[in-house]
Amino acid sequence: MSSMARVCWSLVLLLTPMLAQVVPPADPLGTLAALPVAPAVSNGQRIVVQEADGSPAAAAIVVFATEDAAEAADRAAAAAGWFLGDEPRMQAHRLAGGSRYRLDERGAVRVPALSGRVLAMHDGRFATARVPHDASGTAPRLLLKLAPVREFEAQVVDAEGAPAAQVLLAAAYSPGGAVTLANRTDAAGRARFRMFSELPKTAVVQLQVPTRQPVAVALPREAPAVVRLQLPVVVPLTVRIGGGLLPGSEVKWFYQQTGGRQFAARPAIGTEAVFPYLEPGVEGNLQVWIDGQLSVVPLPPIAASPAPFEWQPAPKPGRVVLRLLDPKGAPLLRAQLECRWEWKTGGAIHRAVSNAAGWVEVQPPTNVKNKAQLQLLAPAADGLPPSACRIDYRRHGDQTVQLGDVQLAEQPVAIAGVFVDAAGQPVPHVRFRAEHTSFTTAADGSFEMRLPEPVPAELRLHLATQHWYFHDPVARSRSFPAGARQRVVLEPAGRVRFAAAGIPRGAWSDFEFRLEPAGGGGEPLTVDLQLYDQEWLLPGGHWNLVVLHTEQEVHRIADLRIAPGIENHDPRCMEFDWRAFAALVTIRVEDQAGRPSDTAMVRHQFGDRPEIVNSRGTNRGLSHGVVPKDGGTISVRPMDETLPEIELGRITGEHVVRLGSGPRLRVELSTPPRLPPGGELLLLPNEGAEAVPFSAAGAAQVWLAANAGCAPRIVVRVASRQQVVWQAENCQVAAGGRVLPVDGAVVQRAIDLLFPQ
């Protein structure tokens with residue numbers, strides 16, 4: 001799971017106890033046990049379930065559920081709110097929409113090769129794991145070992161030792177790590193947890209309240225386990241909205257501690273809320289979500305007796321306020337809207353959300369100085385087809401334009417039809433795009449596209465899935481006349497096993513891939529390929545595969561023959577020598593405390609064309625890229641606009657960047673020296689700077705100030721005596737940092753001369 005996914009999951013666990021309203025199912029474990037047995041899967045991820053002693057657990061119940069984004073989020077939110085502190089029941093409810101499979105006598109079964117989660121249980125013992133997507137079918141078996149749940153009790157007292165009620169607690173696998181389970185204390189200050197077994201030694205229970213020093217207690221491994229936590233001196237803070245809201249607006253409150261976690265108010269939703277436990281002196285800001293729009297409100301450090309804090313959103317100049325009605329005249333509630341602006345010299349597209357009463361606020365682009373046309377598009381909902389409306393907008397300075405009720409009309413059918421294969425069989429669930437909108441074929445291969453008027457006379461359909469191509473001629477996109485019912489023939493892609501060793505999954509690339517007809521004639525076809533893939537999906541035919549960078553050919557695989565719909569083998573694809581024309585770059589981003597940070601964007605310039613710049617976020621502080629052999633032009637832009645952008649220049653290899661500071665200088669000795677008794681070897685980057693000790697392996701690194709010179713020296717300190725044993729004048733350190741090798745023998749001779757034994 002990515003760092004962003006872990007953060008989102010932690011928030012779901014922490015926030016949904018305040019949001020859940022529906023009565024939970026009585027026995028989610030029993031629900032899993034009552035699921036019908038699904039037919040066996042012949043080709044998929046192999047799951048093996050064992051008892052703790054390694055014997056097959058053939059009688060265990062195994063349930064697998066795919067990770068459907070919307071459904072998984074809904075189930076996770078509901079489960080976290082209903083089953084506080086009870087991981088087995090929470091996970092069981094998350095998987096209640098999955099399929100149950102029967103184990104064979106070896107405790108093995110195959111589940112679909114899709115991203116999802118599997119849970120095994122038998123007689124009070126459990127095991128669970130995430131199942132990764134494996135299109136190649138080559139993933140090793142996934143071993144689950146059943147173990148009893150881990151039960152423990154947490155007790156919380158206030159600064160005077162009295163029980164503290166309604167304190168949010170979180171169980172995590174490591175201090176400061178992702179939250180695994182959350183619960184609140186009762187009137188006696190107690191909260192119970194049931195977690196899956198085999199926790200690491202660093203597992204902790206944390207107070208989820210803003211404090212200057214986070215309070216966490218290590219979880220003992222013996223049973224029954226009891227952990228005790230004490231609140232520091234804390235005070236409540238009341239926050240409220242002073243006005244300026246649309247009718248029916250929803251307000252969600254969070255406190256974002258500086259350099260720390262995010263905490264929800266109680267209640268989390270409302271125009272007035274309370275943060276009951278804040279330690280005086282804590283610094284942070286309010287994060288206020290109003291109908292899905294975030295506002296960050298700076299706060300002073302929490303006082304010993306804080307007064308209620310009232311905030312009023314600043315009015316937005318020229319905004320449009322209206323209440324949307326669906327084609328039947330009912331308010332359109334919580335709808336994701338697409339707002340298309342058109343004016344004399346340009347246009348823009350952005351998103352908006354109607355609130356719980358159907359009201360929506362739309363902000364015109366800054367380029368709109370006088371008149372414009374606004375088109376609002378709403379997706380299909382509650383049995384109604386997609387709908388739209390057009391509004392003539394005239395700006396009146398910074399005044400709000402009140403439009404009142406605006407009714408949407410059904411979008412007309414632009415094109416309809418069915419997708420079939422060469423044998424005439426329908427092709428279901430194919431995603432394609434047209435006119436900036438995505439569509440998916442139904443289970444019988446049929447599709448119906450509705451678009452706002454005016455509908456163009458010709459529509460170009462773009463296939464959004466790599467598994468299919470348009471047939472004869474092969475293409476990823478094709479134009480069709482509007483208004484007619486079309487029978488569209490698709491051809492399945494041929495699967496080509498591929499291997500390019502040494503490229504991390506998710507690495508970005510500046511390279512393009514093109515298929516040229518090997519026999520001459522016909523048009524070349526650009527294909528979307530990734531060098532880290534284990535399989536390429538290519539159209540059938542006889543091709544030359546060309547790798548290009550800045551439209552220049554850098555590599556070619558000639559006479560590549562692809563049969564559609566089957567696995568194709570070509571040894572040149574399994575031994576792809578990408579290092580002949582490319583290099584790997586790895587950027588490690590740290591915050592100012594030296595911890596991996598995902599609060600920056602790594603920007604890489606495409607070739608030498610300054611107008612094309614791509615941006616990628618980091619994952620656990622890492623960003624990998626495949627760049628031309630002579631390097632890629634890289635910079636790191638912090639999300640905190642008060643911190644400067646770091647220009648690394650044209651680089652390859654691994655580089656470490658610390659946000660808010662200058663480049664890194666790393667000094668590496670070829671051999672660690674022998675020091676006099678009580679001696680310490682230190683790196684001094686500049687006169688008057690703080691010295692940094694060398695490691696046992698003979699390496700030391702420092703972060704220089706931005707735009708500062710460097711004259712590093714190595715010193716030996718014995719008691720109060722300090723001697724320079726090596727130095728370099730005017731050391732140049734590029735923005736991407738520098739590794740400076742030093743001959744350990746030279747340093748050793750200086751030490752022996754200055755400190756004779």
Side-chain angles (χ1 to χ4, degrees), residues 1 6 9-10 13 27-35 45-65 76 79-80 83-96 98-111 116-132 139-154 169-175 177-183 191-206 217-227:
M1 184 183 293
R6 286 197 305 273
W9 175 233
S10 299
L13 287 174
D27 183 14
L29 297 174
T31 299
L32 292 192
L35 288 175
Q45 172 67 62
R46 187 166 182 258
I47 307 293
V48 177
V49 185
Q50 296 179 352
E51 300 287 357
D53 60 3
S55 60
I61 293 172
V62 173
V63 177
F64 170 77
F83 307 109
L84 289 174
D86 195 329
E87 189 173 17
R89 285 180 170 80
M90 185 181 70
Q91 292 284 11
H93 180 72
R94 288 182 66 195
L95 273 67
S99 300
R100 176 183 169 187
Y101 295 91
R102 180 175 285 114
L103 296 168
D104 61 22
E105 66 279 1
R106 297 170 296 179
V109 68
R110 287 192 180 274
V111 301
R117 177 163 288 276
V118 63
L119 174 69
M121 61 181 188
H122 182 239
D123 197 21
R125 301 183 303 281
F126 299 87
T128 185
R130 182 181 177 275
V131 179
R141 69 172 186 169
L142 189 61
L143 177 62
L144 302 180
K145 286 205 170 187
L146 298 176
V149 295
R150 183 87 182 281
E151 299 191 34
F152 62 94
E153 180 180 283
L169 301 173
Y173 286 118
S174 61
V179 171
T180 300
L181 207 58
N183 203 352
R192 296 196 62 81
F193 289 84
R194 296 178 73 239
M195 300 178 69
F196 291 129
S197 184
E198 299 302 319
L199 298 178
K201 294 180 180 178
T202 56
V204 295
V205 178
Q206 307 166 353
V217 175
L219 182 61
R221 299 188 70 83
E222 65 274 4
V226 177
V227 295

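- Scanning both residues, P56 and E51, for their nearest heavy atoms gives O-CG, 4.4 Å.
- Applying the side-chain hydrogen bond (donor to acceptor under 3.5 Å, both in side chains) test to R192 and every residue at least two apart in sequence or in another chain returns E153.
- Residues passing the side chain to side chain contact (heavy atoms under 4.5 Å, CB included) test with A65, sequence neighbours excluded: L95.
- The distance from the CG atom of L144 to the CD atom of Q50 is 9.5 Å, given to the nearest 0.5 Å.
- N183 approaches G85 most closely through the heavy-atom pair ND2-CA, 3.9 Å.
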Query raised in the report: Between M90 and L181, does a side-chain contact (heavy atoms from CB on, under 4.5 Å) hold up when you go through it step by step?
Result: CA-CA 9 Å; M90 185 181 70; L181 207 58; 3.7 Å; yes
Report task. Check the pair E87 / F126 against side-chain contact (heavy atoms from CB on, under 4.5 Å), numbers first and verdict last. Result -> CA-CA 10 Å; E87 189 173 17; F126 299 87; over 6 Å; no
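- The line from NZ of K145 to OG of S55 is 9.0 Å long, rounded to the nearest 0.5 Å.
- When all heavy atoms of A92 and L119 are compared, the closest pair comes out as CA-CD2, 4.1 Å.
- Pairing each heavy atom of A218 with each of V204, the nearest pair is CA-CG1, 4.1 Å.
- Residues satisfying the side-chain hydrogen bond (donor to acceptor under 3.5 Å, both in side chains) criterion with T128, sequence neighbours excluded, are R117.
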Requested in this report: Could you check R89 against L29 for side-chain contact (heavy atoms from CB on, under 4.5 Å), going step by step and ending with a plain yes or no?
Outcome: CA-CA 6 Å; R89 285 180 170 80; L29 297 174; 4.3 Å; yes
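- Checked against side chain to side chain contact (heavy atoms under 4.5 Å, CB included), D123 has the following partners two or more places apart in sequence or in another chain: R125.
- Taking CD1 of I61 as the start and NE2 of H122 as the end, the distance is 8.0 Å to the nearest 0.5 Å.
- Ring planes of F193 and F152: parallel class, angle under 30° (limits at 30 and 60°).
- Heavy-atom minimum distance, F64 versus G116: CE1-CA, 3.9 Å.
- Atoms CZ and CD, from R194 and E151 in turn, are 5.0 Å apart once rounded to the nearest 0.5 Å.
- Annotation: the span from D27 atom CG to H93 atom NE2 amounts to 12.5 Å, rounded to 0.5 Å.
- Not counting sequence neighbours, the partners of V217 by the side chain to side chain contact (heavy atoms under 4.5 Å, CB included) test are V227, L229.
- Of all non-hydrogen atoms in V149 and P88, the two that sit nearest each other are CG1-CG, 3.4 Å.
- Partners of L35 by side chain to side chain contact (heavy atoms under 4.5 Å, CB included), not counting sequence neighbours, listed by chain and number: L32, V63, R100.
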